[in-house]
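Here's a structure for you.
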Amino acid sequence: MPTSPKERNLNGTAAVAAVVPAAGRGERLGPGAPKALRELGGVPLLVHAVRALARSRAVGLVVVAAPPDGVADVAALLDGHGLDRQDVRVVAGGATRQESVRLGLAAIPEDTGIVLVHDAARPLVPVEVVDAVVAAVRAGAEAVVPAVPLADTVKRVEPQAPGIPEPVLDTPDRAVLRAVQTPQGFRRSALHEVHEKALAEESAGGLPPVTDDAGLIERFGGRVVVVPGHEEAFKVTRPLDLVLAEAVLARRRASDGF
Ligand code: CTP
Ligand code: MG
């Protein structure tokens with residue numbers, strides 16, 4: 001993707017904003033409130049996630065993409081937890097994560113050099129990961145994802161109807177696989193461009209939406225690099241993840257009054 005001279009050097013002064021997609025229902029977590037509003041240590045996941053970003057001195061603005069019918073409630077909730085409305089905005093998200101991110105991006109000023117996209121469902125990401133992603137974009141990368149090596153061996157299968165054993169196709173070499181996390185970091189203009197292209201393709205009956213933003217950069221031929229993620233940046237997806245998150249939070253609170 002072409003780079004304008006202004007963007008070539010996104011040095012220490014480039015403004016950084018973040019989009020937090022928080023419009024999902026959390027179906028895999030089971031019945032209850034929308035996932036972003038479920039509590040961890042008495043505080044909604046979304047509030048943890050926004051605070052985790054705000055802990056980075058680089059991040060100046062956070063745009064939350066809320067469930068479309070919950071914008072006012074989410075704004076009130078963030079206010080109630082002392083998050084300054086000047087630096088945190090709430091917009092209506094969409095039907096897919098990709099659409100929620102696109103709508104969030106639309107609320108970020110065009111003179112913002114760098115954008116992070118961070119799942120509301122990753123409440124415990126350490127600030128070191130946020131800063132490392134920003135640093136890698138500042139150092140010249142167009143798209144940066146934090147990732148960790150896989151613990152499990154992975155097999156590619158031919159999916160079958162429930163109850164029918166799935167034939168294995170092959171076993172990719174685990175050493176070259178990474179599980180990717182957020183925040184993912186981008187030159188704002190590059191991320192904006194691929195989201196617009198994907199929207200145009202979609203209306204022309206194109207490819208299905210992606211589950212991470214770097215995937216869109218890849219789809220249109222851009223270059224994505226990986227930096228080390230962190231085991232505590234895991235996504236709260238299933239009920240057991242909430243149990244683990246509570247344990248991590250309790251340990252932090254015991255050790256440093258987090
Ligand atoms: N997300 C979003 N808009 C959607 C769907 C998802 O903003 N239409 C957000 C979620 O709120 C979450 C992040 O994208 O913060 C990652 O998605 P995922 O973990 O899949 O969350 P949900 O879609 O809510 O969960 P599930 O797939 O189990 O329903
Ligand atoms: Mg989902």
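Just so you know, ligand 1 is whichever comes first in the structure, and atom 1 is the first atom listed for that ligand.
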task: Do me a favour and list the nearest non-hydrogen protein atom to atom 7 (O) of ligand 1 with residue, atom name and distance?
output: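 The protein heavy atom lying closest is A23 N, 2.9 Å.
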message: Polar contacts were defined as any N/O atom of the residue lying under 3.5 Å from an N/O atom of the ligand; does this apply to L29 and ligand 1?
response: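 There is no such contact.
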query: Tell me, which protein residue and heavy-atom name are nearest atom 9 (C) of ligand 1, and how many Å apart are they?
result: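 For this ligand atom, the closest protein heavy atom is P21 O, 3.5 Å.
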- prompt: Closest approach of R122 and A49, non-hydrogen atoms and distance?
  reply: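 Scanning both residues completely, I find the closest heavy atoms to be O-CB, 4.2 Å.
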- prompt: If hydrogens are left out, which of R28, E99, R25, R97 has an atom nearest to atom 20 (O) of ligand 1, that is, the closest non-hydrogen atom?
  reply: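 Nearest option to atom 20 (O) of ligand 1, by heavy atoms: R28.
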query: Can you check whether V236 has an N/O within less than 3.5 Å of an N/O in ligand 1?
result: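 Looking only at distances, the answer is no, because the N/O contact criterion of under 3.5 Å is not met.
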- prompt: Between L249 and G41, which heavy-atom pair has the shortest distance, and what is it?
  reply: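 Closest approach of L249 to G41: CD2-CA, 3.7 Å.
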message: Side chain or backbone, does A65 bring an N or O within less than 3.5 Å of an N or O on ligand 1?
response: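 No; every N/O pair is 3.5 Å or more apart.
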- prompt: Please state which protein non-hydrogen atom is closest to atom 19 (O) of ligand 1 and give its distance, to 0.1 Å?
  reply: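 Heavy-atom neighbour on the protein nearest atom 19 (O) of ligand 1: K235 NZ, 2.7 Å.
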message: Taking only non-hydrogen atoms of A95, do any sit less than 4.0 angstrom from ligand 1?
response: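 A heavy atom of A95 does come that close to ligand 1.
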field: Polar contact flag for E27 and ligand 1 (N/O pairs, less than 3.5 Å)
entry: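 Yes.
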query: Of all the non-hydrogen atoms in the protein, which one sits nearest to atom 3 (N) of ligand 1, and at what distance?
result: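 It is S100 OG, 2.7 Å.
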message: Using only atom types and a distance under 3.5 Å, with no angle test, would you say the side chain of S56 pairs donor to acceptor with the backbone of A52?
response: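 No; judged by distance alone, with no hydrogens or angles, the pair does not exist.
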task: If you have a sec, work out which protein heavy atom is nearest atom 21 (O) of ligand 1 and how many Å separate them, to one decimal?
output: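 The protein heavy atom lying closest is K35 NZ, 3.2 Å.
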- prompt: Nearest to atom 8 (N) of ligand 1 by heavy atom, G104, G94, G24: which?
  reply: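 Going through G104, G94, G24 one by one, G94 has the nearest heavy atom to atom 8 (N) of ligand 1.
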Ion pair R187/E142, N-O distance below 4.0 Å: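 Yes, R187 and E142 are salt-bridged.
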message: Among all protein heavy atoms in this structure, tell me which lies nearest to atom 13 (C) of ligand 1, with the distance rounded to 0.1 Å.
response: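 So the nearest neighbour among protein heavy atoms is D119 OD1, 3.4 Å.
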query: What residue and heavy atom of the protein are closest to atom 25 (O) of ligand 1, and at what distance?
result: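 Protein heavy atom at minimum distance: G26 CA, 3.4 Å.
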